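What follows is a single structure, written as structure tokens, with notes after it.
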Number of protein chains: 2
Amino acid sequence: MLVFIYVQWETGIVQCGCRKLGKGACGMAGIKDVARAAGVSVSTVSYVLSGKRSISVKTADKVMAAVEKLGYTPDASARKMRGVRNQIIALSAPIRGDINQAKYNAYFLHTAWQAKDRGYDVLLLTGEDAVGDLRRVTQSNLVDGVVLLDIEEHDVRAAEAGLYSKPCVAIGLPSEHGDCACVDIDFTMAGRQAADCLYSKGHRKVVFLRDNEADYERGSGYVLLFRESLMAHAKELGLRIVESSKHGFDQFDAATFVHDVFDVEDRPTAIINQASANVLNQVLQELQSAGLSVPDNVSVLSCGTYFEGELMTQPITEMPVMPQELCFKAVELLVNAIESHTDIRGVVELSRPAMHRHGSVAEVDVGEQ
Amino acid sequence: MLVFIYVQWETGIVQCGCRKLGKGACGMAGIKDVARAAGVSVSTVSYVLSGKRSISVKTADKVMAAVEKLGYTPDASARKMRGVRNQIIALSAPIRGDINQAKYNAYFLHTAWQAKDRGYDVLLLTGEDAVGDLRRVTQSNLVDGVVLLDIEEHDVRAAEAGLYSKPCVAIGLPSEHGDCACVDIDFTMAGRQAADCLYSKGHRKVVFLRDNEADYERGSGYVLLFRESLMAHAKELGLRIVESSKHGFDQFDAATFVHDVFDVEDRPTAIINQASANVLNQVLQELQSAGLSVPDNVSVLSCGTYFEGELMTQPITEMPVMPQELCFKAVELLVNAIESHTDIRGVVELSRPAMHRHGSVAEVDVGEQ
DNA sequence: TTGTAAGCGTTATCAT
DNA sequence: ATGATAACGCTTACAA
């Protein structure tokens with residue numbers, strides 16, 4: 001606690017001093033107070049609390065009673081100055097818009113839960129100057145490690161990981177990641193699998209439905225990787241992809257979309273969806289109104305979404321994002337690096353994409369071919 | 001940095017010592033290193049950085065050069081031991097399920113942004129033992145203040161705010177809040193306004209649509225306050241309220257809902273909605289299919305939702321939650337308490353509910369009465 | 001089994 | 001204008 005000392009001068013009040021007072025001055029008990037109350041030395045108090053040397057039952061009881069009575073909690077900073085870890089990891093999520101998107105939430109919570117399980121708290125960093133913030137909190141020893149969320153293709157936070165002085169794990173796969181470890185779904189494989197899945201069932205023309213143009217524009221890593229891989233592999237196979245988002249999406253209208261895309265001679269037989277549950281539901285409704293049923297007339301495969309817990313008008317086969325698994329892996333990797341001094345710089349761990357089948361993908365009706 | 005000293009013994013390797021090493025040992029420059037490199041004393045370095053006393057340009061240049069060269073960042077813990085504030089606030093959100101809900105996200109982000117604007121970082125606490133975590137981080141001086149999210153009617157975190165030793169603000173209004181300050185929308189007023197709004201337009205029977213039974217079951221504060229006020233005021237007015245959620249909502253089907261509720265003699269003329277955009281859209285679709293148009297046949301007033309940025313099949317008049325405003329007020333209040341030592345214990349600040357009119361509420365068609 | 005004291009990195013005071 | 005130093009609260013090596 002700082003006490004500022006002011007002097008009433010003829011010209012006004014002037015600050016002329018500042019003294020640091022002990023814990024006692026602001027009603028907080030320190031280890032000295034506990035020692036005094038228990039009639040022992042400070043080191044005895046410390047050892048009773050840490051259990052690092054044997055203490056007589058009698059002494060231990062006295063100390064614990066004093067701790068209880070005074071409501072003593074060791075000061076975090078003082079402990080850290082003695083080399084004890086802070087047990088805090090930074091979580092970087094410099095999100096700009098998209099505030100109403102559920103998807104980030106799962107990553108925040110799963111990271112925090114997993115960190116908590118390992119005994120760490122999470123410092124949330126959402127400022128615009130992400131690299132500056134990360135430098136600050138790592139260099140000042142405020143945190144023991146760093147997790148990066150919402151990775152872009154060219155992600156400066158990952159590229160500059162070497163500046164952080166603490167281990168760093170990204171959930172996502174940027175193109176340059178320097179000293180940063182990366183954990184993600186293999187979205188390149190996911191794109192290929194999506195194309196294969198539909199092609200192998202006889203589909204030859206497919207529409208790619210998205211409502212996340214903002215993600216593309218700012219270069220969000222996984223959507224770019226998925227799309228690139230999807231388009232490339234589709235081209236190899238001879239699978240035609242119609243990209244929905246050429247339409248102005250600000251005033252997206254499901255009826256117009258369905259009419260424009262499906263009311264043609266050579267209509268697509270499947271949708272690869274990356275739009276939200278809400279948008280996809282509207283499209284499903286319009287398909288029904290247009291007399292097209294899923295999956296008999298149109299197959300639907302949703303990729304990079306997470307519909308568990310969402311109310312869908314019908315069950316949709318999905319290659320979902322996996323926040324829980326990824327956050328778990330990221331935190332495990334990071335905590336091992338922190339506690340075992342494992343060198344994880346540059347490590348990349350990609351998970352196989354999952355496919356949750358709910359019957360919305362079918363063979364193309366031969367009568368239609 | 002700790003260095004553990006091991007001894008190779010006949011029976012194996014045994015740890016027999018542990019020494020704390022200076023910053024230099026792990027490659028991190030401390031203020032002493034800077035002083036040495038610049039050829040000045042440590043106090044001079046400190047003063048150059050803080051600007052708290054006049055320094056010759058020549059010395060300042062030397063010091064800054066050394067700081068740059070060594071990449072020196074002051075140690076956060078050492079600073080705090082000298083009484084400098086930590087600039088961290090705790091954000092408590094012990095969320096259990098509902099991970100896929102967008103709504104929390106806005107509160108996380110707006111709190112973090114506003115805190116950042118005021119120079120604070122946010123420590124995210126999501127553990128089950130919320131009170132324990134809050135005691136720990138406040139008593140250990142890790143944080144300078146506390147914000148509570150997701151307040152329940154009987155919220156133990158708020159009730160125990162007296163234990164925290166740091167100022168505490170809740171975004172929400174629990175029934176017992178002791179030393180905790182509270183910032184919220186006046187949901188009691190909101191419930192009354194919703195009833196008034198519809199009654200004054202001639203509505204006499206209204207359905208209350210929700211998809212958040214879990215919130216009710218665990219006693220989420222604002223949904224209870226809103227519902228209670230709505231029901232009470234409706235009763236006074238003579239407005240009948242049909243509660244949707246008596247239906248098993250696990251397998252909610254919008255068609256069934258619309259049929260059950262609207263395909264009766266004395267059908268409701270309005271919906272008070274508290275369900276998600278996705279669910280409401282499905283209901284809107286079914287109303288259309290049933291030949292009921294909004295607002296000519298059915299008015300829709302959404303309360304306690306946040307549809308800005310959501311794609312609705314038609315614009316909906318809304319009394320929204322206001323994450324940005326509430327987080328702003330909460331952080332302002334808290335930071336003032338921290339920095340000006342204002343006593344905010346027990347303060348309650350309720351905002352007037354907003355009403356965003358988008359034409360989905362109309363007078364009851366007299367022909368129908 | 002317990003006490004004494006050094007030292008972590010920084011800032012403010014006092015002295016020059 | 002600058003330097004030397006005590007103090008912050010805690011942990012741990014060392015002494016008793």
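In what follows, every chain begins at residue 1, and chains take the letters A, B, ... in the order their sequences are listed. Keep in mind that the numbers below use all heavy atoms, side chains included, and drop hydrogens, waters and symmetry copies. Since the structure is predicted, the reported quantities are computational estimates derived from the model, not experimental observations.
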Selected nucleotide, minimal atom distance to [X] side chain, candidates [options]:
{"X": "A:Met81", "options": "D:dG9, C:dT4, D:dT11", "value": "D:dG9"}
{"X": "A:Ser43", "options": "C:dA5, C:dT11, D:dC10", "value": "C:dA5"}
{"X": "A:Arg82", "options": "D:dT12, C:dG9, D:dT5", "value": "D:dT12"}
{"X": "A:Arg79", "options": "D:dC10, D:dT2, C:dT10", "value": "D:dC10"}
{"X": "B:Ser46", "options": "D:dT12, C:dT11, C:dT10", "value": "C:dT11"}

Rounded to the Å, how far apart are [X] [atom1] and [N] [atom2]?
{"X": "A:Ile31", "N": "D:dC8", "atom1": "CD1", "atom2": "P", "value": "14 Å"}
{"X": "A:Met28", "N": "D:dC10", "atom1": "CE", "atom2": "P", "value": "9 Å"}
{"X": "A:Leu49", "N": "D:dG9", "atom1": "CG", "atom2": "P", "value": "17 Å"}
{"X": "B:Asn86", "N": "C:dG9", "atom1": "CG", "atom2": "C1'", "value": "15 Å"}
{"X": "B:Asp75", "N": "D:dC8", "atom1": "CG", "atom2": "P", "value": "18 Å"}
{"X": "B:Ile55", "N": "C:dT11", "atom1": "CD1", "atom2": "C1'", "value": "13 Å"}
{"X": "B:Lys32", "N": "C:dT11", "atom1": "NZ", "atom2": "P", "value": "14 Å"}
{"X": "B:Arg36", "N": "C:dG9", "atom1": "CZ", "atom2": "P", "value": "11 Å"}

[X] and [Y]: side-chain donor and acceptor closer than 3.5 Å?
{"X": "B:Ser41", "Y": "B:Thr44", "answer": "yes"}
{"X": "A:Lys80", "Y": "B:Ser77", "answer": "yes"}
{"X": "B:Gln324", "Y": "B:Gln114", "answer": "no"}
{"X": "B:Asn141", "Y": "A:Asp75", "answer": "yes"}

Original post:
Within the modelled atom types, does a donor on one side and an acceptor on the other bring the side chain of B:Arg53 and the base of D:dG3 under 3.5 Å apart?
Top reply: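 When only heavy-atom distances are counted, B:Arg53 does reach the base of D:dG3 through a donor-acceptor pair under 3.5 Å.
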Subject >> Side-chain donor/acceptor of B:Tyr47 to base of D:dA1, under 3.5 Å >> reply: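 Result: no qualifying N/O pair found.
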Does [N] have OP1 or OP2 under 4.0 Å away from a side-chain N or O of [X]?
{"X": "B:Ser56", "N": "D:dT2", "result": "yes"}
{"X": "B:Lys52", "N": "C:dA12", "result": "yes"}
{"X": "A:Tyr72", "N": "D:dC10", "result": "yes"}

Original post:
What nucleic acid atoms does B:Thr59 come within less than 4.0 Å of, heavy atoms only: base, sugar-phosphate, or nothing?
Top reply: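 It contacts sugar-phosphate atoms only.
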**OP:** Indicate, with a heavy-atom threshold strictly under 4.0 Å, whether A:Thr44 touches base, sugar-phosphate, or nothing.
**Re:**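 Counting heavy atoms under 4.0 Å across all strands, the contact made by A:Thr44 is with sugar-phosphate only.
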Original post:
Atom OG of B:Ser140 and atom CZ of B:Arg135: how far apart are they, to the nearest 0.5 Å?
Top reply: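 With rounding to 0.5 Å, OG (B:Ser140) is 12.0 Å from CZ (B:Arg135).
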Original post:
Relative to the 5' end of DNA chain D, which residue comes earlier, B:Val57 or B:Ala78, by the nucleotide with the nearest heavy atom?
Top reply: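 Checking each residue's closest nucleotide, the 5'-ward one belongs to B:Val57.
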Original post:
Considering only heavy atoms from C-beta outward, does the side chain of A:Val169 approach that of A:Val146 to under 4.5 Å?
Top reply: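 The answer is no, as the side chains (C-beta and beyond) never meet within the 4.5 Å cut-off.
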Original post:
Between A:Ser54 and A:Val42, who's closer to the 5' end of DNA chain C by nearest nucleotide?
Top reply: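 With A:Ser54 and A:Val42 compared, the 5'-side residue is A:Ser54.
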